[in-house]
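Please read all numbers here as calculations on a predicted model, not as lab measurements. These values consider heavy atoms only, across backbone and side chains, with no hydrogens, waters or symmetry-generated copies.
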Amino acid sequence: AIYLKVSVSDFLTLFSARTNDRFFWQIRPAMILFLGGVAALTVSSLLAIFWPESTPDGITTEGLKSDMGLFVFVWLFCLFFWLIQDAMKVLAYKWLYAVNFNNITKSGVVELPE
């Protein structure tokens, strides 16, 4: 479940981070990013479900095929917090521009002091 959570949340973060001060749905991703995301999330999901029972580093692991409810929960958890993350990102940008944090209104990026 942890592998699936990290894989899903990290890739969803990429879709959010690429849009800067806009919500993720306001700018369509490039087709290569979209297809790469679909492929990566599909492979991650299949690995999380069908991983055979094994003991890497002496820790017993197994896929989620015996607990598909947990699989669905992890996906819903990641999607829910991704939406919150994206909203907080947009609010943070609004604040940065409102207070002109490190001269962001001049160039659109935060200028670090020397």
Side-chain angles (χ1 to χ4, degrees):
I2 292 173
Y3 164 75
L4 180 63
K5 189 270 173 206
V6 170
S7 295
V8 172
S9 65
D10 285 1
F11 219 99
L12 292 177
T13 297
L14 179 63
F15 281 106
S16 178
R18 69 182 180 79
T19 58
N20 293 331
D21 60 344
R22 296 183 184 167
F23 289 102
F24 73 92
W25 65 80
Q26 291 180 305
I27 301 174
R28 260 205 252 182
M31 187 55 69
I32 193 163
L33 175 63
F34 178 75
L35 293 176
V38 169
L41 292 170
T42 299
V43 170
S44 294
S45 294
L46 292 173
L47 283 172
I49 293 169
F50 296 111
W51 190 262
E53 188 172 329
S54 59
T55 53
D57 296 328
I59 300 169
T60 303
T61 61
E62 65 177 309
L64 297 174
K65 66 182 167 195
S66 63
D67 192 356
M68 290 303 289
L70 181 57
F71 174 81
V72 171
F73 173 78
V74 169
W75 261 97
L76 292 175
F77 178 90
C78 289
L79 289 170
F80 176 76
F81 282 101
W82 176 50
L83 294 173
I84 292 172
Q85 170 188 315
D86 199 57
M88 295 305 293
K89 173 201 70 176
V90 171
L91 289 173
Y93 267 102
K94 286 185 185 294
W95 178 80
L96 290 171
Y97 280 105
V99 300
N100 194 22
F101 185 79
N102 283 5
N103 211 16
I104 193 171
T105 57
K106 178 181 172 191
S107 63
V109 297
V110 172
E111 296 175 2
L112 299 177
E114 294 184 30

Single-linkage hydrophobic cluster [X]~[Y], side-chain heavy atoms < 4.5 angstrom:
{"X": "L76", "Y": "I2", "result": "no"}
{"X": "V43", "Y": "V38", "result": "no"}
{"X": "L64", "Y": "W75", "result": "yes"}
{"X": "W25", "Y": "L33", "result": "yes"}
{"X": "F71", "Y": "L47", "result": "no"}

Restricting to non-hydrogen atoms, name the atom on [X] and the atom on [Y] that form the minimum distance, rounded to 0.1 Å.
{"X": "N20", "Y": "K89", "value": "O-CE, 3.0 Å"}
{"X": "P113", "Y": "N102", "value": "CD-ND2, 3.6 Å"}
{"X": "S7", "Y": "L41", "value": "O-CD2, 4.1 Å"}

Please check if the side chain of [X] supplies one atom and the backbone of [Y] the other of a donor-acceptor pair under 3.5 Å.
{"X": "N103", "Y": "E111", "result": "no"}
{"X": "K65", "Y": "P52", "result": "no"}
{"X": "N100", "Y": "T105", "result": "yes"}

Verify the neighbour count for atom [atom1] of [X]: are there more than 12 heavy atoms of other residues, nucleotides or ligands below 6.0 Å?
{"X": "Y97", "atom1": "OH", "value": "yes"}
{"X": "M31", "atom1": "CE", "value": "no"}
{"X": "R18", "atom1": "CZ", "value": "yes"}
{"X": "I84", "atom1": "CD1", "value": "yes"}

What distance do [X] atom [atom1] and [Y] atom [atom2] have between them, rounded to the nearest 0.5 Å?
{"X": "I49", "Y": "D67", "atom1": "CD1", "atom2": "CG", "value": "11.0 Å"}
{"X": "L4", "Y": "F77", "atom1": "CG", "atom2": "CZ", "value": "11.5 Å"}
{"X": "D21", "Y": "L91", "atom1": "CG", "atom2": "CG", "value": "11.5 Å"}
{"X": "Q26", "Y": "T19", "atom1": "CD", "atom2": "OG1", "value": "7.5 Å"}
{"X": "F23", "Y": "D86", "atom1": "CZ", "atom2": "CG", "value": "6.5 Å"}
{"X": "F81", "Y": "S9", "atom1": "CZ", "atom2": "OG", "value": "11.5 Å"}

Quick one: sort the F15 and F11 rings into parallel, tilted or perpendicular, breaks at 30° and 60°. tilted
V8 vs S44 side-chain heavy atoms within contact, under 4.5 Å: no
Side-chain heavy atoms of F24 within contact of P29, under 4.5 Å: no
